[in-house]
There are 2 protein chains.
Amino acid sequence: MPSRPPAEPTRSGRPRSAAADAAILEATRASLVDLGWSKLTMGDVATRAGVAKTTLYRRWAGKNELVVDAVAVLFDELELPNLGSLAADVQAVVLQFAALLERPETKTSLMAVVAESTRDEALRGRIRDSIVARQKRLVLRGRERAQDRGELPAEPDPAMAARTADLVFDVIAGAVVHRALVSAEPVDTDWARRFTLLLLSGLGAAAQPALTTGQKPGGSV
Amino acid sequence: MPSRPPAEPTRSGRPRSAAADAAILEATRASLVDLGWSKLTMGDVATRAGVAKTTLYRRWAGKNELVVDAVAVLFDELELPNLGSLAADVQAVVLQFAALLERPETKTSLMAVVAESTRDEALRGRIRDSIVARQKRLVLRGRERAQDRGELPAEPDPAMAARTADLVFDVIAGAVVHRALVSAEPVDTDWARRFTLLLLSGLGAAAQPALTTGQKPGGSV
DNA sequence: CAGTTACGCTACGGGTCGTAGCGTAAGGAC
DNA sequence: GTCCTTACGCTACGACCCGTAGCGTAACTG
């Protein structure tokens, strides 16, 4: 997924090795696991991939871009199951996302590239396209299903609908990331259940968990 | 705030210069503003502070620890106002936190040190004590006030109360951080208002903002 | 075949790291 | 005041990584 210039589809000359691409990204993930973000070096990745260091620089501008691409594919694993209720769907996707954050490749690098992106507009765009977009789809699809089930009302204003989706996305992703990486405590089933209840029913209801289950959200969790 | 060994309160010999401490931390923040996290170097900080590089290493183990201490004091600015309702208090503290995250010193370094902490237990503890604890107090105090006002029920089980406070803390801090740094969109008054409504009343109520304002939360916002 | 592009390899200047060594400065104990 | 102890400034150093230039070779196109 390096940023090839979208120029001529058929160029003359020797084509780029797709095998090298795959080997480099795989080596990057392996190096992240062994060394972590801060001690990962381009030279090490090149050696692991069996590739010259110059080949890396011909495809990626640097460590940041390389790691984003190496980690992005992991987010393809995220899927929104159809478990019959909004609460169950939210809880399941929360646990999926948490499992992804538990992997050492993502754990050590996600926040690092986000930090770098605060001073690099191009990198921010790459993160948005490669990682954030993959997650946000889940929120949009989850809302669709909930509206089909009648759990959520239809939103007539599309602008407001988009803003609400963005809000919900930041709340879910932010809470899971903060729990897993900042508080550094486990995102287990119990936490996911309690978070889902809070998200759907609010703080007042979340304080009396057993009493408010009969309404809409807290069904078969 | 360097980690002095809590040994003898009165030691012989030349004492450490408190002025140097202050100058170093100030220089670190300035360097973060100018260079950002990744390009900040120990040598640059030493030069700005008018101090030898070795002096830095005598007090801090490295860049990570130094930056945590330099940024931690900024979190002392956070205060929980007493605006008369839980919703107003939450919204105000969200905007305060967002303003703090907008500062270039914190914006570029907070996520970076968190990322480092995933491979450094000692650093994680330092972050917890210096930064996270300062934020979490606000949640605990906010709940107290809300309970005094009758907006939240008293929680008999202290263990459950602590877990709920942790959950709420991760949701608030995580959402704001995610909005500001990952989505990279502004945390303005409108977003804070909508987030507060979602937190207090849940997803179902948040979809009809104007209709559910008469209950408890959305008072004078 | 020639033309074009990718690759591996080596080498390089430039920068940062973290530490060692030394002489000097600034306090406390007496 | 005179020791004693610790902190400071300074220089120098090896080690490491960065990112690039140069060159010969490999692979694919027409």
Side-chain angles (χ1 to χ4, degrees), chain A residues 1-25 27-28 31-32 34-67 109 112 116 119-120 122-123, chain B residues 1-25 27-28 31-32 34-67 109 112 116 119-120 122-123:
Chain A
M1 315 219 165
S3 62
R4 293 196 185 85
E8 328 86 290
T10 62
R11 290 190 303 178
S12 67
R14 177 176 177 175
R16 285 196 171 167
S17 164
D21 266 7
I24 290 170
L25 294 176
T28 302
S31 187
L32 279 174
D34 290 350
L35 306 178
W37 161 265
S38 59
K39 294 186 180 173
L40 178 144
T41 68
M42 298 295 268
D44 178 73
V45 171
T47 303
R48 286 174 191 253
V51 156
K53 195 174 61 168
T54 46
T55 298
L56 266 70
Y57 283 104
R58 290 190 182 103
R59 307 183 185 205
W60 287 277
K63 181 172 163 176
N64 296 329
E65 290 79 4
L66 173 61
V67 169
S109 61
E116 294 298 315
R119 295 207 130 222
D120 185 338
L123 181 63
Chain B
M1 315 216 169
S3 62
R4 294 198 183 82
E8 328 86 290
T10 62
R11 290 189 304 178
S12 66
R14 176 176 176 175
R16 285 196 171 167
S17 162
D21 266 7
I24 290 170
L25 294 176
T28 303
S31 186
L32 279 174
D34 290 350
L35 306 178
W37 161 264
S38 59
K39 295 187 179 173
L40 179 144
T41 68
M42 297 295 269
D44 178 72
V45 172
T47 303
R48 287 174 191 255
V51 157
K53 195 174 60 167
T54 46
T55 298
L56 265 70
Y57 283 104
R58 288 189 184 105
R59 308 185 183 203
W60 287 277
K63 180 172 161 175
N64 297 328
E65 291 78 4
L66 173 61
V67 169
S109 62
E116 295 298 315
R119 295 207 130 225
D120 185 339
L123 182 62

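Each chain gets a letter, A, B and so on, in the order the sequences are listed, and its residues count up from 1. None of the values given here were measured: they were computed from a predicted structure.
- Pairs of Watson-Crick or G-U wobble type, with distances under 3.5 Å, assemble into runs of 3 or more in DNA chain D at these ranges: C:1-30 with D:1-30.
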For residues 48-57 of chain A, tabulate all N or O donor-acceptor pairs below 3.5 Å that involve a side-chain atom, not counting sequence neighbours.
unit_1: Arg48(A); atom_1: NE; unit_2: Asp44(A); atom_2: OD2; d: 2.7
unit_1: Arg48(A); atom_1: NH1; unit_2: Asp34(A); atom_2: OD2; d: 3.0
unit_1: Arg48(A); atom_1: NH2; unit_2: Asp34(A); atom_2: OD2; d: 3.2

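- Across Ile24(B) and Val45(B), no two heavy atoms sit closer than the pair O-CG1, 4.0 Å.
- What separates CH2 of Trp60(A) from P of dG19(D) is a distance of 15 Å, to the nearest Å.
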Identify all pairs in which a protein N or O lies below 3.5 Å from an N or O of nucleotides 25-29 of chain D, and state each distance.
unit_1: dA26(D); atom_1: N3; unit_2: Arg14(A); atom_2: NH1; d: 3.2
unit_1: dA27(D); atom_1: O4'; unit_2: Arg14(A); atom_2: NE; d: 3.4

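- Lys63(A) is listed as a side-chain neighbour of Leu40(A), based on a closest heavy-atom distance under 4.5 Å.
- Contact between Arg58(A) and Arg16(A) at its shortest, heavy atoms only, is O-NH2, 3.0 Å.
- Residue Leu66(B) holds its CG atom at 3.5 Å from OG1 of Thr28(B), rounded to the nearest 0.5 Å.
- Taking atom CG of residue Leu56(A) and atom P of nucleotide dC9(C), one finds them 13 Å apart after rounding to whole Å.
- In terms of modelled atom types and a separation under 3.5 Å, the side chain of Ser31(B) and the main chain of Ala27(B) share no donor-acceptor contact.
- Here the CH2 atom belonging to Trp37(B) is positioned 8.0 Å from the CG atom belonging to Leu32(B), to the nearest 0.5 angstrom.
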Task: Footprint string (nucleotides 15-21 of chain C, 5' to 3'): B base within contact, S backbone only, - free, heavy atoms under 4.0 Å - done: -SBBBB-
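- Residues that satisfy the side chain to side chain donor-acceptor pair (under 3.5 Å) test with Ser38(B), not counting sequence neighbours, are Glu116(A).
- Residue Arg16(B) contributes atom CZ, which lies 8 Å from atom C1' of dA7(D) at whole-angstrom precision.
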